[in-house]
Structure formats: structure tokens, C-alpha cells
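Quantities reported herein were computed from a predicted structural model and do not represent experimental measurements. All residue numbers in this chain count up from 1 along the given sequence.
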Amino acid sequence: MEHSRTEWNEHVNESVLRRFHQWQQRGNESPTAWVTELIEYLNSAGVELPSSELVELLVSQICPENGKDHPSLWKFLHQPRGYALFLPLLDQYAFNFKPIASFSCNNKIIKSIDSVLHFSETFKIHDLELGHVFVLFFFNIITALIDSTLNDWGFQVTFNEISCLVPTTDQYMELDHNVTQKFKRGDYHEQIRKRSAITALEVLERLSESRKATILLQSVLFNMPENFNCLVQRLQFIESLELASSELKLVNQVLRKVSAKLRGVSHFDYSLNKHQVVGMILDGGSCKTLLKCNYKSCWVPFDIYMEHAMDSRQIFIKSAIDVLTEGIKTYQIFNQASWHDTFLALWLSALRLVQRERDPPEGPIPHLEARLCMLLSIVPLAIVNVLRDDSEHNSSTAPVLLKSEYKYETTSNGSMKLGLVSSVQVLGHFSGLLCPPALVVDAANQAARKAASFIYNSMNEKGESFTNVHANANTKTGGNLRHLIVEACIARNLMDTSVYFWPGFVSTSVMSLSDSSPLEKSPWLTFMEGTPLTNSLINALTVTPASSLAEIEKLYYIALNGSEVERPAAAKILCGASLSRGWYIQEHVVQYVVKLLASPEPHCQSGTWSLLVDNMSMLSAVLRGASCVDTVHILSLHGVVPTVAASLLPLCEAFGSITPTPNSTGDESSTSVYMAFSLAFIFLIRLWKFCRPPLDQCITERGIAVGGLEYLLSLHNNCVMSSQDKLNSNQNLLDFSSFKHVYIDSFPKLRALYCQYKSCVASTVSGISTGNSIPQTATVILSMIYQKMTKGGILSSNSSSPTSSNTCSSLIKSGDDALQRPVLPAWEILEALPFVLEAILTACVHGRLSSRDLTTGLRDLVDFLPASIAAIIDYFSSEVTRGVWKLVPMNGTDWPSPAAVLPSVESEIKAILTHVGVAVPNCSSGDSPVMLPLPMAALVSLSITFKLDKSLEYIHAITGAALENCAAGCPWPSMPVIGSLWAQKVRRWHNFIVVSGSRSVFRHNNESVAQLVRSCFTSFLGIFSPTSKLTAECSVNGLLGSSITAPGPCPFVAPGFLFLRSCRNINNVQFLNDVIVGLVTEYSNELAGRMASSVSSRVKSNGASISLATQSAKEMATLGASLLCAAGGIQLVQELYKETIPTWLLSSRDVKLKNDNVVSYVLEGYGIAYLLILSGSIFWGVGTNLQMSKLSRRNRIIGVHLDFLAEVMERKISLRCNPITWKTYVCCVVRLMVSLAPAWLQEVKVDTLRKLARGLSRWNEHELAHFLLQRGGTSAMGALAELVNVSEFEQKKP
């Protein structure tokens, strides 16, 4: 019969209390009978069980009132029988946890227990669930049993706020003889005390030996390491005790078992259920085979990132130091490698990067200096960061040792440094990578000689002979790249001079020269002695890198405070060899260069820019030196692009607002303002306009489009805001304390032009609103470059104002027509240029202006104001994209003709593409005349008029990128035409031009992109086309090439190198996701076929073969993730999580697989899962040390994907992929997350984790389900407790 529910009230309380007293009076009656009677009464009264009020009442009767708040002291308060009764009850019912349907009852129990044990306060959990209470109660019981036992043995115990032992003098505890003596007064109490202590340990042993206890304690270990450390501390103390009495010695065996069980909590692995088919295949092979790292495959992300960072068409915003710092930590975890192997792989990748530049095609691209910067500056600084981060992490977290299959070695700062030193020592075995390029032979020799001199002096001081030095007689006289690496590490305190004594580090020939005559005196020593900066000394200092920070500091202060002659000279020196080749102090040189750009007060005083004008010569020297192709790339690698851009804004605003003096127009001083402005403005254009691919423009962070000028400024402002905290921990970072926040609205002239640029992109010139002066200024400019044509009325439509001619004439200097120059601020000229350019193109179309005169006029304009090239590029690029201008013949009469070399260029482009397995579309123009759109023809004709002078490198840098971007809007043959025109002008650039031309096919042709990606997989893994020439060298060298271009008449390049130079310009880059996922699927099928042909196709096949196949699938996924991240950045990774993989799982495979078997589907699921997790890790890392915006994005994207998986697990979404593939994918995603990136799970919704865990349990993957919830943070502990008990209940069912 059902009874209505009744709340606990006074009547029920009195009835229960009366029955309790009656039972006490009956004496020997069995407690079971009384309990049965009590339950019957409560059921009849409608009281819901369990009841927190009943518990409180019983406890108040069993225990004295003054012991209520201190349960651990019951046994000392004349209630030893209470503790003796408690222990067997605890042993029997500690794990008797069943979820309760009543929400109100749950809340009462939670509040009741929390009011006594204070879990929410102690463990900082605000929203307690019943599962939390169960886990924490169990942990509290384990700790309390140990403490009670210590008290029984007579030890005083002192705790801190998190229940860790507090030392008293030199021990954690002292023996309390008073307690022992007190219990000796009564034999009965003494016997109970002794028996209770032993019983407590026995109960503790039985509680800790169950699998459920291990799961619950691991949850505390993962989510509350400091609290778990208190438990470990107790164990350590107990193990250190010398138990003198014979009674206590009897429990040593029990103690050892308890200690082993509790310490075993931190020993775990994430293996799948080996009784399931997925676990059999993925975990059935040799673990050693899977743990073994292959330098040519597992570490390919290092090689791909470094080579991608050398792309001259991309100026990267994020510091390469930060990228490599996260990469080192991430790949060390993913490859389960020692720090020795990790650092060795890093050095080898950087050495391959340098050696690839052995015989590069000559052209306007970063060369050896940028690659050496990566090897000798970026990599050591990244290692410094890794060591620092590890040291900070170890000092801020509890030292709990975790041992699992995914923790290859104990992480400590000491082991990391030992791994670093040993990795550099082992580099000596890779002699082929250590040969120094010609540029650094002298530096390598000097480093080797420095080591020899140190050894010589050291031996001399000790009076020892050189026979004790293990010199290498087989080594050539000169030094090598390892000597430079050692010096770079010593300069950053990563190692000391003891490494000079490594066997074979110096050759016998160098040792013999160590006491010879000293080298020629360094010009820097002369400079530091106070010698004035003469021309000869300036030239010597410019080409010689500084060797110390003191030299750079002195130079910096001269650039700031020296004489009019000294300041630009010091700036020139600072931006010379010290910046490009001062590897040991390069980060400091970069800091001083950036500080020079931002040093003058950026705001005008009383309407003038006197301070900036006074520093114009110094600033111009800095801008010219920093504008070199290699130097810009070095600044980019050091991550200072946002700060440099912010420093350029006030310079552009100031120099562009200054009007040149009329009486000096025509001489050098008149162009100094224009030149200073042009250097700053073109530099700014290079940084923000070409820094990111078009795809990234649609990504927003904090409401700002990534890649735009506003985004660069926001990055700078964030650095300023957070600079102090970072500086305290890392002195290598740029000091932003002297920088200010910069906003584009503070610079009205620049902002106006920036808005005009956006308008030009969106609409034609006629749609741009203009002020009254712009048409007049346009007429003035036309009067300068096309004097006779202006008289003919080119701008007649814009000169309708009756006063326009008078106004214009007042802006032009009197004198000979050919020498007329407008006296206008640069901003006014740039604002008028779109109208000028439209007018001259229109005049050319209507025959009023010849093509030769058009080109000559444009060149005169650029000579007059070099910044005009930026406006010309912007306007012509927009017009090419609009496609409204007619095609003009490149026939040698009207426009320059490429006919002389076009056939050879086209054939070589075709040969390059054929070599990498790309079927070339018909790109030849045949017998038809070569045609280009008028703006394109004008731009390329202008570009070939520039001399190849070092002083014009800043113009070539943006012109080349603009030509390539413009070609994307033209038909396919346009790039060979442009390349042919340049190849005729600069024959030594032929190979560079041909390689650049071969990239253009990938902009619009998805099939060509797919073929190139397939060739990347073939060249790296030797798959798909085993007979192809690309498989001759399957490795990193096969993928990226051992040199940029292969020797021979045609400049062949490796498929991976061509992909990295082309990928950021692919229009439909999202297509790459589908291509890479498809190749991973196809390769998995091929792997399964290889296994079937070599061993039995049954599941229980050869373990080594299975391990090899799994490792191959991992390598394939690693390559796919690296290529994907290089091509599309974070946008493509987000697409992979949100769209590509879900669509792939929901879709059926239309293509019939050759090897349709279980192994194929398992490898397919594993490969895709690894691809997904590694792709995310490359950008987000595996820890929590992320900016808030990136952390929230990571949590959102991962949450979306796991929500999708959870919905499928709950059978709310139907799949069409193979069930084995689906199961493998889910198991591997979860396994990889919990083992490699557990921090990802801590912000996932608990409901999502609960659904996934339930689904895994239905597949009998109970262990994996438990690990998933254990890694879900404290909020998931309740769900874990529920799952553990449900699983146990279901397993016990008949």
C-alpha cells in the first residue's frame, strides 16, 4: 500500500527516540530486529528514506553531545565502543552508494554532511552534488583512518588549512606519551584502542584494494592535486616511522600493502578494452614500438612550421618563439618522447632549414639570414621559455608523481636541461647537417677557435698538457654549425663552457692555432674605446655583428642623443649586421630597434612636429635598414610586428602632414620629408596588408577582423596592458612600459586614407565622396607628370570650377614646365591619386595617352613620392578585380612583349608541376596574342622600370606581392606573362620567377591542389604511387627537399615546399579539409591491405605488424594536421571540428574500398581522431596557459564537437559511416583527450561528458568512461560517482 510522503516532524522525532530507548532497555535483542521494526514504522508514517534527520538523531544518541562536532575524537571521549562499532560498519557500507530519486532528500543529505565535514569550504566546490559528497566523503574517510591510527599510536598531529601535515621542529609529529599512559590505566580501553588501530588499518586495506576506490581517489588526484598530496605526505611519514613496540611492528605488513595501494593510484594507463576489437588492434602491438620516435616522421611539424615561416609573402604576427615554445611542449607529449629526443628533433629541423638554403634561386625573398635567425636565436629562446614555464609550473603545483604510458619521463627542470645538453652533444653525429654555409664560415671558425682558446687557457692555468684533451684529428680546421649552436646556448645560460671539453668538439688543428697570433682587432672594440664614428668605422661596424649587449646599448644612446651626424650613423649600424647576424643578442637588438622607432614624442606640439622633424634623419636610417627583406622577416619571427606597426602610425601622420618648403623643392632636402614618409608608409602597408591571407580576414577576435590594421593595433595595446606581468617572469621580452596605447582614431589623416582605401576596394572612384580640394590636387599632379596632356583637357570633367585653374597654379612652383613640382603634404597627394590614376587609364583607353607616356608618368610620380606606389597598387589591384578595363596586347609596340622567353617559362613551369605530380592545365597562349587587362599591363610595365638597387628593396617587396595578387584576378596565362617580362629584365632571377609562376595554378584549380597534397603524402610516406620518383627519398627531405631547388637545368622543387609557398593563396582553402580527410581514409585502407598481404588478416595477427600500421597511421595524420594548419590557420581547424568531421561521419562512402575489413575501419577511425586532436593542439596547445579569447574559443569549438558526439551516442543523430569506424573514432578521440590534452575537458559541459561516458560504458569501455569523467574537473566528480556505482550494479546483475 502506498503511503503519502510525510516530512520529518516533531511527532516522528519523538516516536523514533522512544523506540530507540526501548531497544536499549531490552538489552540483548538483536539490532537487526530493532532496525526492521524502525523501518516498518517509518514506511507506515510516510517518511522518505534515507533521511538526514534520522541520521542526526541516531548519531546524537550513539555519541555524546560534546563529540558531535569532532567525530574523530569519539574514541578518546569515553566512547571507544563507538569507534569500534563504526569500523566494521564502514568496512561493509562505505561503497553502498545508490542514487536517490528524490531531489529534496538529496539536498537534505548534501547539506547535512556538508554542515559537519565542510566539503564546500575545504575543497572549494560551491555546487555540491550527491556524487561529490560520496567521492569527498570516501577521500575524507581514507585520510581520517590514517590520522586516527596515528593518534592511537600516540602521535600528535598538526594540519594546515588544506589538511596537510605541518612540521613541528624537525618532525611532522611528536609522540604524545600522556595519551599512551592514559590508556594504560584501563586494560579494557587499552585493548579496544589496540584492536581499533589494527582494525582501522585492515579496513583501510580492504577499502583501498577495490577498483572503485582507485577510480575515486584518481579523481581527487587529477582535480585536487594539493589535497591528494596531503594523503601522500601522510604515507611518506608513516613509512619513515620507527615503530618500537612489538604490537606496532605487527602491522608493518598491512602498512606496506596500504601504502602500495594508495601510491598505485598515480600509476595508470589509458589502454582501451583489449577484449574489444578496437582495443585489440590499437593496443595489441608492442608498446615499445609505439613509443619509439622516428626523427623523420613524428617531428615533421617542426620542419613544416619552420619552412612555412620563411615564406616571403607572409609576415607572421605571432612570435615564432611563442609558437615553438608551445610546439615543443605539445609534440613532446604527443610523441611520448624524452626531452633529449624532443630537443634533438628540434635542432635537426632547424639545421635542415638552414641547409635547404645551400643553392637557392636568387630573388627578392628572405635568404640565409632569416633561416640562421631561426636556428641560432628563435630556437634557443623557445627552449629558454620551455625551461622557464616548466620551472614555474613545478613551483606552483603539488609535486605528485603521475606515471602512465603517456608520461615517458619525470618532468623536471634538471632533466630537461640534461636532455638539452645531451641533444646538442649528439648533433656531432649529424656531420652532413653541420657544414656551415659560406655566409657563416668565419663565424663558425671564430666559435671553434674561442672554444680552443678556452681549453688552452684552462689547461695552461692547471699546468696540464693537451694530451688530456679529446680533440678530433679527423675534423677539418674550421668550425661548424654546432659550434654556433653552443655559443647561442651559452649566451642564454642554457649551458656552460664545460661543453667545450666534449670529445671531438674541437679539432687538433684548431688546438694548434689556439696560441698563435691574435685575430685582427674588432671594430667594436675600437668603438667601445671611444673612437669617433668616422666613415670607415661606420662601414666596419655596419657589416660586423656586435658581440655584447653593452655595445648595443651605447649605440642606442648615441642614436638618441648624439650629434646630427652621429644619430643616423648609429641607427644605420644598429640595423646592420648586428640585427641580421647578431644571433647571440638578437632579441636585444630587435628591442632597441623598435624602441628607436617609438622614441620621439608622437604628438605634435603647438601644431608642429618639430621633435619628429629633428629626428627625421635618424628615423629614416632605421626605416631604411629595417625595410630589407631579411630584416622584416627577422622582426616578424621575433613577434614585434604589432609594435612596429603601432610605432609607424605617428611617423606616417607627422611626415605626411608636413608641407615641404617651396624654395628647396628639387634638392635633396625637399625630398627628405617625402622619403621619410614613404619609408614609414610603405613599411606600414607591408605589415598590415600582406601579413595575413584573405581567409583570415573573416575571423574576428574581440570584434576586430584578424589581419586588419585595427587588429595589429589591438595586439599591440594588449601587449602594453599585460607587459608588466610578463616582464617579471621573462626578461627576454620587449619592455612595453615605455610604449602607449595606439588607436587609429588618434591619427585623422591616416584614418581618412584608410577609409578611402576600403571605399576603393568596395566601389569605383566615382562612388567615393571627395572634398573640394581633391580634384584640384589631382590636376596639379597631372600637371607635373603629364604637362602637355593636362592642357589637352584630361581632367576637364573635374575642372569645371571657374577657380580651379587659379587654385592649381598657386600650388605649382614657377619655372620650367618639366621641373614643376607640387608643394603639398604627402597625405593630400595620396588622397588624390585614385582620381589621377582613373584619369590616365581613361585617357589611354581613348588614345589621348600612349602606353609609353603612361608608364613614364607613373615612374615620375613614384620618383617624386615613393609612397605613391602603394596607392598605385591599391587602385590597379581593385580595378583588375572589377574586370571593367579592356585587354591590351603585350606585343612590344604598345606594351612590352614577353615573347622572347615566354615559351621557355611556360615549359619550365609545366615541368615543375609535372615533377610534383600535378596535371597541368593548358596554360599556353598558343598563336593568339598575349593580352593583359590595362591596369595589370600598366602595373607590370611600371614594375620593370625599377632598378635592382638595394635602396629600392622596400618598393620591390610590395610590388612583387602585388603583381602575384593581381595575377589571381586574370586568366591563367597571366602569371607566366608577368614572370617572362621580369625574367627578361633580371636573368639571374629566372629560377625564382619560374618557381613563383608555378604557384599560380593552385589559386583556383581545386583538382591541382588535391594532386599536390597527394604528392606531399607520397613523398613523405611512400604511398599511393610506390613507383613514383617522389618516393625515392621518403622523409622530410622527400617532402620539403634537401635544397630549395634540385640541381639541373630546370629548378625542380619538392612537393611540400611548393605547397607551403602556395597554400595561403588558395581561394577555396576549405577544400583542403576534405582532401586531407579523404587521403587519411584512403591511406588507412592501404595500410590494412599491406597488413593483410604480410600476415593473417584475422584480428589476432602479428602484434609488431599492428603496431607498425598504427604508427604509420599516426605519421600520416601528423602530416595531414601540419599541412592543414599551415594552409588555413585556425579557421581551417575550426572548420574541421564543426563541419568537416561531422559531415564525414554522417556521410556514406560512395567509393568501394579495396580492403574492406575490420582493420581498415579501425585505422581509419584512429587516423581521423589523431588528425583532429593534433590539429587543435597545434594552435591551442594542451595546457591552460592561453589568452582568455583563445581559451574561450577552444572551449567553444571542442564543446561543439563533443556535443555532436554525445548526441550521436544518445541515438539522437543517425550515422552512415561504418559502425567500427564510428566506435574507433569516438574511443580514440576520448582516449587522446584524456591522455594528451586533459585540460580541454575541464570546461566541457558535465551533461555532455555524462552522455559520452554512458555511451562508452555501453560499449564496455568502462575504464575510458571513468577517465573521461575524472578529467572533467571537479564539476564532473559527481557524475563519476554515479557512473561507478551504476556500472558496478549492472555488473553484479545475474
[X]: which residues meet the side-chain hydrogen bond (donor to acceptor under 3.5 Å, both in side chains) condition with it, sequence neighbours left out?
{"X": "Glu487", "result": "Lys450, Tyr500"}
{"X": "Ser422", "result": "His340"}
{"X": "Trp982", "result": "Ser943"}
{"X": "Arg371", "result": "Glu307, Glu357"}

- Short side-chain donor-acceptor distance under 3.5 Å, Asn1037 and Ser1042: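 There is no such pair between these side chains.
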- Does one side chain, of Glu908 or His990, offer a donor that lies under 3.5 Å from an acceptor on the other?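 Yes.
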Which residues share a side-chain contact (heavy atoms from CB on, under 4.5 Å) with [X], sequence neighbours left out:
{"X": "Ala444", "value": "Pro436, Leu484"}
{"X": "Asn1006", "value": "Asn1068, Phe1071"}
{"X": "Ala1121", "value": "Leu1171, Leu1174, Ser1175, Ile1178"}
{"X": "Pro437", "value": "Val354, Arg358, Leu368, Val440, Leu481"}

- Item | Among Ile1066, Val1075, Val918, side chain to side chain contact (heavy atoms under 4.5 Å, CB included) partner for Val1009 |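 In the set Ile1066, Val1075, Val918, the residue that makes a side chain to side chain contact (heavy atoms under 4.5 Å, CB included) with Val1009 is Ile1066.
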Would you call [X] and [Y] a side-chain contact if the rule is heavy atoms closer than 4.5 Å?
{"X": "Trp347", "Y": "Val424", "value": "yes"}
{"X": "Met306", "Y": "Leu375", "value": "no"}
{"X": "Leu387", "Y": "Leu494", "value": "yes"}
{"X": "Leu1119", "Y": "Phe1017", "value": "yes"}

- Item | Those residues that, when tested against Lys329, pass salt bridge (charged side-chain N to carboxylate O under 4.0 Å, His left out) (two or more places apart) |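 Expected list: Glu326, Asp389.
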- Message: The criterion is ring pair (Phe, Tyr, Trp, His ring centres under 6.0 Å); which residues satisfy it with Phe302, sequence neighbours excluded?
- Response: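 Expected list: Trp299, Tyr331.
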- ring pair (Phe, Tyr, Trp, His ring centres under 6.0 Å) involving His638 - partner list, sequence neighbours excluded: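 Listed in chain order: nothing, the list is empty.
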- Message: salt bridge (charged side-chain N to carboxylate O under 4.0 Å, His left out) for Arg1064 and Asp311? Distances and angles first, verdict last.
- Response: CA-CA 10 Å; Arg1064 283 297 179 111; Asp311 186 1; over 6 Å; no
- Item | Heavy-atom pair with the smallest gap, counting every atom of Ser1084 and Met1116 |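 Smallest heavy-atom distance, with atoms named: OG-CE, 3.9 Å.
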- Item | Qualifying salt bridge (charged side-chain N to carboxylate O under 4.0 Å, His left out) pairs with a residue from residues 436-446, counting only residues at least two apart or across chains |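 Pairs touching residues 436-446 that pass the test: none.
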